[in-house]
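The structure appears right after this line, and notes come after that.
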Amino acid sequence: MADLWQNAMDHAVSAARHAGEVVREALRDDRKQTVMTKSSSVDLVTQTDQKVEKLIIQSVKEKFPTHSFIGEESVSAGEPLLLTDAPTWIIDPIDGTTNFVHTFPFIAVSIGFSVNKQMEFGVVYSCLEDKMYTARRGRGAFCNGEPLQVSHQEDINQSIIAAEFGSTRDAETVDKIFISLRRVLSLPVHGIRGAGTAAINMCLVASGCVEAYYEIGIHVWDVAAGSLIVSEAGGVLLDTDGGPADLMSRRIVAANRRIIAERLVKEIETFSPIRDDAAPANQ
Ligand SMILES: O=P([O-])([O-])O[C@@H]1[C@H](O)[C@H](O)[C@@H](O)[C@H](O)[C@H]1O
Ligand SMILES: [Mg+2]
Ligand SMILES: [Mg+2]
């Protein structure tokens, strides 16, 4: 059964590539995107997010009718966010919707696939860079077919860290985000960066361009595919509280080395958003 999930992975790659074409086409279109909001006035969604997710799910259903789905926009429309042991496609149709709305050029389609709650493969397509990141459990991580390897750096003072601000704007959360950023920056590190998409940030860790990425407030669809790409490139995943990574906890540290991940955790002012597996529908 060595190639049990290879057909599904091949399908994910072609679905992500097709989704990327739809995204690029939408960006070329002169008509303005209608921008709607979800959990806050800065949590954006467009018709393209919804269209791409429908396209991916429809195409998967035709080939794999018994499989389950967790899709960002389906959950937003009231579908349950339930990760079971069933083969499950975890889809973020556009990771970096704010970038998409503003034509900031980092936009990803992210498709993870889990069985028995374990990631079997992850596909992240960075549409505007035309970079197809893939990983299959136990078989390494790749970008456009070239093997990926995390950075060998073990000194956080010689590192670049990726971080994001997320889409929560209450004063308490913003303060915590800034406390962490100030501590990390003053370690000091060489720099702090953020692509505006969790999936691409994780691929940057896998590629060795940044030593680590952390964020609190992401959802399972933001990090499912990227988490496997990082670990298959030799990286390490933790929760921001220092415990084992948990894709439902909405907290992630992805790093090249455990020593970097653990050092970073010491500087992060962690907090606990409502877990993905405890959230009501329509979040
Ligand atoms: O909404 P979306 O564009 O799919 O995903 C968002 C991006 O990954 C962003 O970088 C991260 O900061 C947010 O937490 C995510 O929600
Ligand atoms: Mg996302
Ligand atoms: Mg999205």
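In listed order, ligands and their atoms are each counted from 1. Computation of the quantities below employed the complete heavy-atom set of this structure, encompassing side-chain atoms and omitting hydrogens, waters and symmetry-equivalent molecules. Just so you know, residue 1 is the first one in the sequence shown, and it goes up from there. All of these numbers come straight from a predicted model, not from anything done at the bench.
Polar contact check, Phe165 against ligand 1: no nitrogen or oxygen pair lies under 3.5 Å apart. Residue Asp92 has at least one nitrogen or oxygen atom sitting less than 3.5 Å from a nitrogen or oxygen atom of ligand 1, judged on distance alone. The distance criterion of under 3.5 Å between nitrogen or oxygen atoms is not met by Ala199 with respect to ligand 1. On a distance-only criterion, Thr197 and ligand 1 share at least one N/O pair closer than 3.5 Å.
Within the 4.5 Å cutoff, the side chain of Glu25 has no heavy atoms near those of the Val22 side chain.
Neither side chain, Asp43 nor Ser40, offers a donor N or O lying under 3.5 Å from an acceptor on the other. Between His67 and Thr88, the side chains place no donor N or O within less than 3.5 Å of an acceptor N or O (distance only, hydrogens not considered). Between the side chains of Ser110 and Asp95, no donor-acceptor pair of N or O atoms lies under 3.5 Å. Counting only N and O atoms by type, the side chains of Asn256 and Gln153 include no donor and acceptor under 3.5 Å apart. Side-chain contact annotation: Ser114 with Glu120, donor-acceptor N/O pair under 3.5 Å absent. Side-chain contact, Ser180 with Glu267: no donor N or O sits under 3.5 Å from an acceptor N or O. Between Thr173 and Thr168, the side chains place no donor N or O within less than 3.5 Å of an acceptor N or O (distance only, hydrogens not considered).
Closest heavy-atom approach to atom 11 (C) of ligand 1 among the candidates Glu164, Lys38, Glu215: Glu215. Nearest-residue assignment for atom 7 (C) of ligand 1 (options Asn201, Asp95, Ile200, Val42; heavy-atom criterion): Asp95.
Within ligand 1, the atoms closer than 4.0 Å to a non-hydrogen atom of Glu72 are 1 (O), 4 (O), numbered from 1 in the order shown. Near Thr97, with a cut-off below 4.0 Å to any heavy atom, the atoms of ligand 1 are 3 (O). Close contacts between ligand 1 and Gly96 involve ligand atoms 2 (P), 3 (O), 4 (O) [criterion: under 4.0 Å to a heavy atom]. Short contacts between ligand 1 and Asp222, defined as distances under 4.0 Å to a heavy atom of the residue, involve ligand atoms 4 (O), 5 (O), 6 (C), 8 (O), 15 (C), 16 (O). The contact set between ligand 1 and Gly196, taken as ligand atoms under 4.0 Å from a residue heavy atom, comprises 7 (C), 9 (C), 10 (O). Near Ile218, meaning under 4.0 Å from any of its heavy atoms, are these atoms of ligand 1: 14 (O).
Taking the N/O/S atoms of Asp95 in turn, the shortest distance to the Mg ion (ligand 2) belongs to OD1. Of all the N, O or S atoms in Asp92, the one closest to the Mg ion (ligand 3) is OD1. Of all N, O or S atoms in Asp222, the one lying closest to the Mg ion (ligand 2) is OD1.
Taking all atoms of both residues into account, the shortest heavy-atom contact from Ala195 to Phe106 is O-CB, 3.6 Å.
Just one of Asp276, Asp246, Asp239 meets the salt bridge (Lys or Arg N to Asp or Glu O under 4.0 Å) condition when paired with Arg251; it is Asp239.
Put simply, Glu72 stays out of reach of the Mg ion (ligand 2), with no N, O or S atom under 2.8 Å from it. The Mg ion (ligand 3) lies under 2.8 Å from an N, O or S atom belonging to Ile94.
Cation-pi geometry between Arg137 and Phe121 is not met at under 6.0 angstrom from the ring centre and within 45 degrees of the axis.
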- Item | Evaluation steps, salt bridge (charged side-chain N to carboxylate O under 4.0 Å, His left out), between Glu154 and Arg257 | CA-CA 7 Å; Glu154 300 211 328; Arg257 294 277 185 271; 3.3 Å; yes
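Only backbone heavy atoms of Ile94 (N, CA, C or O) come within less than 4.0 Å of ligand 1; its side chain stays farther off.
Under the 4.0 angstrom criterion for non-hydrogen atoms, Ser167 is not in contact with ligand 1.
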